[in-house]
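For this chain, numbers begin at 1 and follow the sequence in order.
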Amino acid sequence: MKKITSPATLLLMLPLTLASCGLFETKAPEDRTFQDQKLNWHACDPSILGKDESELFTTLGERLVCADMQVPMNWEAPAAGKASVSLIRLKAANPEQRQGAIFFNPGGPGGDGLGFAPWYGFAWGKADANTPVGANLKEMTEQFDLVGFSPRGVGASSRLYCGSNELAPVVHSPASDRSEKNISAMIRTGQLVASACQKNPLTPFINTDATVRDLDLARHLMGDQKLNYIGYSYGTWLGSWYAKRFPETTGRMLLDANMPFHATMQAAFEADPMTFQRDFREVVVPYLTRLGGMFGLGETPEEVYQKYAGLGEPIKSVVGGATASMLYNRDAYPSIGVVLKVASVVDGLIKASPNAGTEAWLAQAAQATYFPNQKLNNVARSMAAELLYYRDSLVTQTPVPVVLTEGSATNTAVICNDTAWNQDLGYWRGADERNAVESPLIGGSFVSIPCLYWKGGPTVKKPEVPAQMPPVLMLQNEYDPATPKEGALAALKATPNARMIMIDDEPQHAAFPYDTDCVDLPVTRYFLTGELPAAELTSCAAKPLPFEAQVYPVGEKFTSGSLSTQSMRAQAVKDPRALKALARNRQTIAQQSAALHGISSPLDLDALNRFFKK
């Protein structure tokens with residue numbers, strides 16, 4: 001029976017009804033706990049970057065300061081708990097000319113950007129002011145604070161860890177071993193990682209939306225009207241997200257090595273096997289062929305490629321991982337030739353005596369000749385031993401508990417929390433089968449991605465393009481393996497007011513500072529004056545690869561003619577210590593992007609890199 005409300009009851013309810021309509025509504029006071037905090041800037045601990053930086057920090061002096069910023073663990077419920085975000089700031093050398101601060105993100109997600117402020121600050125401060133680019137870089141350190149930060153989840157901020165007692169099964173080469181047992185092992189690994197991460201109560205709040213809110217809070221607490229920013233790789237996803245969520249406070253923004261930030265995380269991942277394979281086949285293999293006298297891998301690109309394709313497992317997968325990790329940095333391309341040569345010799349020893357065993361192969365490898373150059377041959381012999389020891393560990397490996405470092409855990413949380421993934425395993429198994437054949441360098445392992453087993457889907461909603469999208473400057477390498485041009489160009493078209501500089505024929509990951517006037521002058525001018533390139537898309541020529549005097553075109557043509565020697569090589573930074581600082585930032589960008597794409601080299605490549613630097 002329908003209940004009848006009495007007139008007296010209606011009168012009692014009236015104030016509540018009116019209040020619900022807003023006539024008597026009293027708004028609760030806004031929680032300003034975080035917005036009203038004062039950053040306690042103090043001298044930085046010399047070990048804040050993970051190693052003793054006393055010499056560098058002493059050189060930078062009182063301009064370098066650190067602070068820990070308190071942020072809500074959950075921005076939608078600030079009173080529910082807090083986390084900490086670490087900041088490091090190199091103050092503008094000329095405070096009276098200060099235009100604001102430039103924040104840096106190296107990528108990942110899961111990359112720690114703290115070191116970018118002191119490393120770039122030191123290097124740019126040492127730039128040659130007699131060159132146009134050098135003068136601009138020095139001015140940037142004079143007119144801007146440079147700010148590095150550890151995003152929530154990593155570094156010196158509140159860290160995220162994922163782990164469990166369950167044992168992750170042994171997984172063999174995804175491209176070579178397409179057995180049901182190996183595929184099941186990859187699926188099981190993805191399930192265990194997803195489960196372990198989702199057990200951590202901090203995980204739902206490790207996402208790009210939370211990080212951009214943290215960034216905006218830092219901007220506010222520093223007293224700046226606008227946030228200026230340089231982001232690499234995933235940092236372009238982060239920067240684009242900020243510009244869409246906070247268009248009114250977006251300042252000058254460089255997005256270098258662009259993810260398809262207009263789309264989904266899944267779209268960023270799906271192209272990986274093809275683009276890494278493309279970079280290897282179309283850029284690196286012809287390069288190693290041209291330098292045939294140095295490496296002796298073959299007289300044609302097909303012969304050189306077969307040196308990789310014909311390797312036995314597990315050496316082939318080790319070489320694939322090492323090669324993919326070196327594709328990020330053009331200066332490492334000669335090292336790819338050395339690794340391939342060493343692997344082909346070691347593989348030949350194993351195939352000639354398959355039952356000899358590791359000790360016998362080690363003895364033979366120690367006597368083998370790899371290169372005519374004795375110093376390089378010694379490096380190669382050490383690498384051959386390392387390769388054999390690592391091969392032995394792979395052959396005898398056993399299941400281990402699921403444990404992710406803070407970088408890997410944060411990486412997993414962000415890519416799974418930001419946007420939805422197709423969780424149809426049949427779809428991914430089909431993609432893996434194709435990639436195992438067509439793109440074996442890193443293909444065949446999509447079924448191990450934890451997002452395919454993530455319960456509940458994304459924890460945030462990606463912001464839409466605002467009506468007044470602020471302008472951003474995009475920088476893109478044509479043959480970037482990790483953030484391909486196709487996704488970058490699509491992002492450009494989907495982003496009103498954006499401008500892009502494309503480096504024609506450039507194969508490495510990320511560019512700025514690139515050390516040519518064509519690239520670095522418009523970028524530095526943009527930060528100093530706000531002036532963007534007039535055209536939506538402009539292009540610059542690449543630099544020659546190591547040991548070559550010219551650029552060998554690949555792919556489509558973005559430039560015509562050639563640049564002069566003077567404009568081609570800016571040489572803005574010459575100081576040896578400054579060059580080392582720049583190299584550390586480049587290494588960080590490469591490592592963080594590699595972590596995003598699940599790529600790592602089990603081989604120690606430092607000795608090789610030192611040899612070629614000499």
Side-chain angles (χ1 to χ4, degrees), residues 168-179 182 185-186 189 272-273 276-277 279-281 284-285 288 295 297 304-329 332-354 356-362 364-366 368 370 379-400 432 435-436 439-445 448 481 590-591 594-595 597-609:
V170 173
V171 174
H172 300 296
S173 169
S176 298
D177 187 349
R178 302 305 302 163
S179 67
N182 203 44
M186 287 188 278
T189 299
D272 282 353
F276 275 88
Q277 192 75 20
D279 202 19
F280 181 49
R281 288 298 303 265
V284 175
V285 167
L288 298 178
F295 302 110
L297 291 167
V304 174
Y305 182 72
Q306 284 304 316
K307 283 291 193 295
Y308 158 75
L311 294 173
E313 291 292 0
I315 287 180
K316 183 178 180 180
S317 60
V318 174
V319 171
T323 297
S325 73
M326 289 185 282
L327 291 178
Y328 286 90
N329 189 347
Y333 290 3
S335 296
I336 296 176
V338 176
V339 170
L340 197 50
K341 179 70 172 185
V342 170
S344 64
V345 172
V346 170
D347 187 61
L349 296 175
I350 295 172
K351 288 176 178 176
S353 306
T358 301
E359 291 302 320
W361 296 327
L362 282 167
Q364 293 172 350
Y370 303 87
V379 173
R381 284 176 172 173
S382 296
M383 176 165 286
E386 183 185 2
L387 182 59
L388 282 165
Y389 280 125
Y390 189 71
R391 177 194 180 278
D392 189 61
S393 71
L394 291 177
V395 171
T396 59
Q397 65 180 319
T398 57
V400 294
D432 280 345
N435 288 324
S439 306
L441 198 69
I442 65 168
S445 63
S448 65
Q591 288 175 341
H597 298 278
I599 293 167
S600 62
S601 172
L603 302 177
D604 183 1
L605 304 172
D606 289 343
L608 264 183
N609 294 333

Fill in: salt bridge (charged side-chain N to carboxylate O under 4.0 Å, His left out) partners of residues 334-350, not counting sequence neighbours, each pair once
D347-K351
Worksheet item: Does any non-hydrogen side-chain atom of M326 lie less than 4.5 Å from one of V339?
Response: yes
Fill in: Validation row: V284, T323 side chains within 4.5 angstrom (heavy atoms)
no
Worksheet item: Side chains of F295 and L340: closer than 4.5 Å at any heavy-atom pair?
Response: no
Worksheet entry | Test salt bridge (charged side-chain N to carboxylate O under 4.0 Å, His left out) applied to R281 - qualifying residues, sequence neighbours left out | E302
Discussion item. Could you check whether any side-chain heavy atom of P273 comes within less than 4.5 Å of a side-chain heavy atom of L441, counting everything from C-beta outward?
Written reply: no
Discussion item. Strictly by side-chain hydrogen bond (donor to acceptor under 3.5 Å, both in side chains), give each pair with a member in residues 307-316 just once, sequence neighbours left out.
Written reply: S173-E313, S176-E313, E313-S317
Worksheet entry | Listed partners of Y305 passing side-chain hydrogen bond (donor to acceptor under 3.5 Å, both in side chains), at least two apart | Q277
Discussion item. Run the side-chain contact (heavy atoms from CB on, under 4.5 Å) test against A343 and tell me which residues pass, sequence neighbours left out.
Written reply: L311, I315, V319, L387
Discussion item. Please confirm whether the ring centroid of Y328 lies under 6.0 Å from the ring centroid of F276.
Written reply: yes
Practice prompt. Kindly write out the residues that satisfy side-chain contact (heavy atoms from CB on, under 4.5 Å) with S382, not counting sequence neighbours, or none if the list is empty.
Written response: none
Worksheet item: Is there side-chain contact between R178 and D432, with heavy atoms separated by less than 4.5 Å?
Response: yes
